[in-house]
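A note on names: the letters A, B, ... follow the listed sequences, proteins ahead of strands, and every chain is numbered from 1.
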There are 2 protein chains.
Amino acid sequence: MEKDLTTEGRILTAARSIFQQKGLAGARMQEIADEAGINKALLHYYFRSKDKLFERILEEAIGKFLPELFGVWEGEGNILEKIERFVHRYISFVAENPYVPSLILHELTINPEKAGMIRKMGFKPPKDKMMMEVMLGVQAGLIRPVHPMDLILNIISMCVFPVLARNMIQGVMLIDDLTYQEMIETRKKSVADFVIQSLRP
Amino acid sequence: MEKDLTTEGRILTAARSIFQQKGLAGARMQEIADEAGINKALLHYYFRSKDKLFERILEEAIGKFLPELFGVWEGEGNILEKIERFVHRYISFVAENPYVPSLILHELTINPEKAGMIRKMGFKPPKDKMMMEVMLGVQAGLIRPVHPMDLILNIISMCVFPVLARNMIQGVMLIDDLTYQEMIETRKKSVADFVIQSLRP
DNA sequence: GTCTATACCTCGATAGAC
DNA sequence: GTCTATCGAGGTATAGAC
């Protein structure tokens, strides 16, 4: 527990928690103030408005989410090794921060213009690098020919969706919490296997 | 355009549209009334409250979403044929109704208890049937051994996520609308291929 | 069934004392 | 920097005429 942060820090922690749970429209400034153990007026003293505070949280979430998503591609190893590492690391990250992609997803769905924020943050996705890596793997005979973007989308989908849609899936499939958690854990390996099996030449 | 529906029908159409775009908390009764071309008070005459109206829309969405999701498993053919049919039909459905899974996902994430609604609607997922089908395929030597639930989650993830997270992905990957739409179209085939390749014994 | 008018409330935001 | 008190906008919901 971080009791003795600065006031600004406590506000940000509280705002993160509430916005992640309820989204922008569903969150209440009073709730954030309560969670931070301070007064509503102080929120406006530190951050001018609810929108400004939210934008700060969303930026922070994106700033955490994207590097994690693409960092692996910068490392060592061939395409198969990178896929294995990516899947493991990414499922771990999403499982530990389940609300991060959820928040980004919902707010960008409601308000697509906010996607512009990504570019403003100076973030450049290593799309070309990823494409290239896949094509090199094909040429080296490591993997069968696939469309790089399809492959990337498939991998990300299988990593993120089961965590993102956890409540929905559990509700539909009638799976209890513990079982589901174990399944996510198992998937760190099984998803990588699933992809690698598919890529056999 | 359905101009001359009953008033109740016009309200439901409008509510669907607004709730899908903004979620429960973000939607405004005034907005729904405007879109339906009627007065705010009439909303409360037909449906007692905002919550009741929303519940109706959510139930309707789930009632549309789930049968589509599981209907294929009741049909003819072996596991590979069913997978191919499922992927094609499901991506088509989600692409035509992109907001349906989005609405369900967001509201069940915020309010997991609402998942109970699924059972109240008398819906039973054919989980056992799906499991059995996969295991039969393994025994027949059609596919390599896999954990059925993993396989099902993988398939659903690859079908739903790219549509669900469209704005996020386009924003991150800098892909324009037309290209993305074509990609979704292509995926009706490529995702099925990807799965079937992975399942080679 | 459909409208206008309005009651009642909650929320975001600000003023001003300390 | 932090609090209490309060304003004003805008929200859901209802009363009551037609």
Determine the interplanar angle of the H106(B) and H106(A) rings, folded into 0 to 90°, and report it as parallel if under 30°, tilted if 30 to 60°, perpendicular if over 60°. parallel
Once you round it to whole Å, what is the distance between C1' of dT14(D) and CD of Q30(B)? 15 Å
Can you measure F54(A) atom CZ to dG12(C) atom P for me and round it to whole angstrom units? 13 Å
Hey, does A33(B) reach any base, or is it just sugar-phosphate, or nothing, if we go heavy atoms under 4.0 Å? nothing
Sort out for me which residue in L69(A), V72(A), V191(A) forms a side-chain contact (heavy atoms from CB on, under 4.5 Å) with Y90(A). L69(A)
For K188(B) and V87(B), which heavy atoms make the closest approach, and how far apart are they? O-CG1, 3.6 Å
Looking at DNA chain C, which of residues 35-49 of chain A put a heavy atom within less than 4.0 Å of it? K40(A), A41(A), H44(A), S49(A)
Side-chain N or O of T7(A) less than 4.0 angstrom from OP1 or OP2 on dT2(D)? yes
Do Q21(B) and S17(B) have a side chain donor and acceptor closer than 3.5 Å? yes
Whole-Å distance separating the CD1 atom of I11(A) from the C1' atom of dG1(D): 11 Å
What is the nucleic acid contact for A27(A), judged by heavy atoms within less than 4.0 Å: base, sugar-phosphate only, or nothing? sugar-phosphate
Interatomic distance where CZ belongs to R28(B) and C1' belongs to dA9(D) [whole Å]: 12 Å
Specify whether F19(B) and F54(B) have parallel, tilted or perpendicular ring planes, treating 30° as the upper limit for parallel and 60° as the lower limit for perpendicular. perpendicular
Round to the nearest Å and state the distance from K50(A) atom NZ to dT14(C) atom P. 15 Å
Evaluate the side-chain proximity of L12(B) to L53(B): yes if any heavy-atom separation is below 4.5 Å, no if none is. yes
Is any side-chain heavy atom of P98(A) closer than 4.5 Å to one of R166(A)? no
In chain order, what residues pass the ring pair (Phe, Tyr, Trp, His ring centres under 6.0 Å) check against Y180(B), with sequence neighbours excluded? none
Between L53(A) (CG) and dG12(C) (P), how many Å, whole number? 11 Å
Neighbours of DNA chain D within residues 14-24 of chain A, by heavy-atom distance under 4.0 Å: none
Distance-only, no hydrogens or angles: does the R200(A) side chain make a donor-acceptor pair with backbone N or O of R200(B) under 3.5 Å? yes
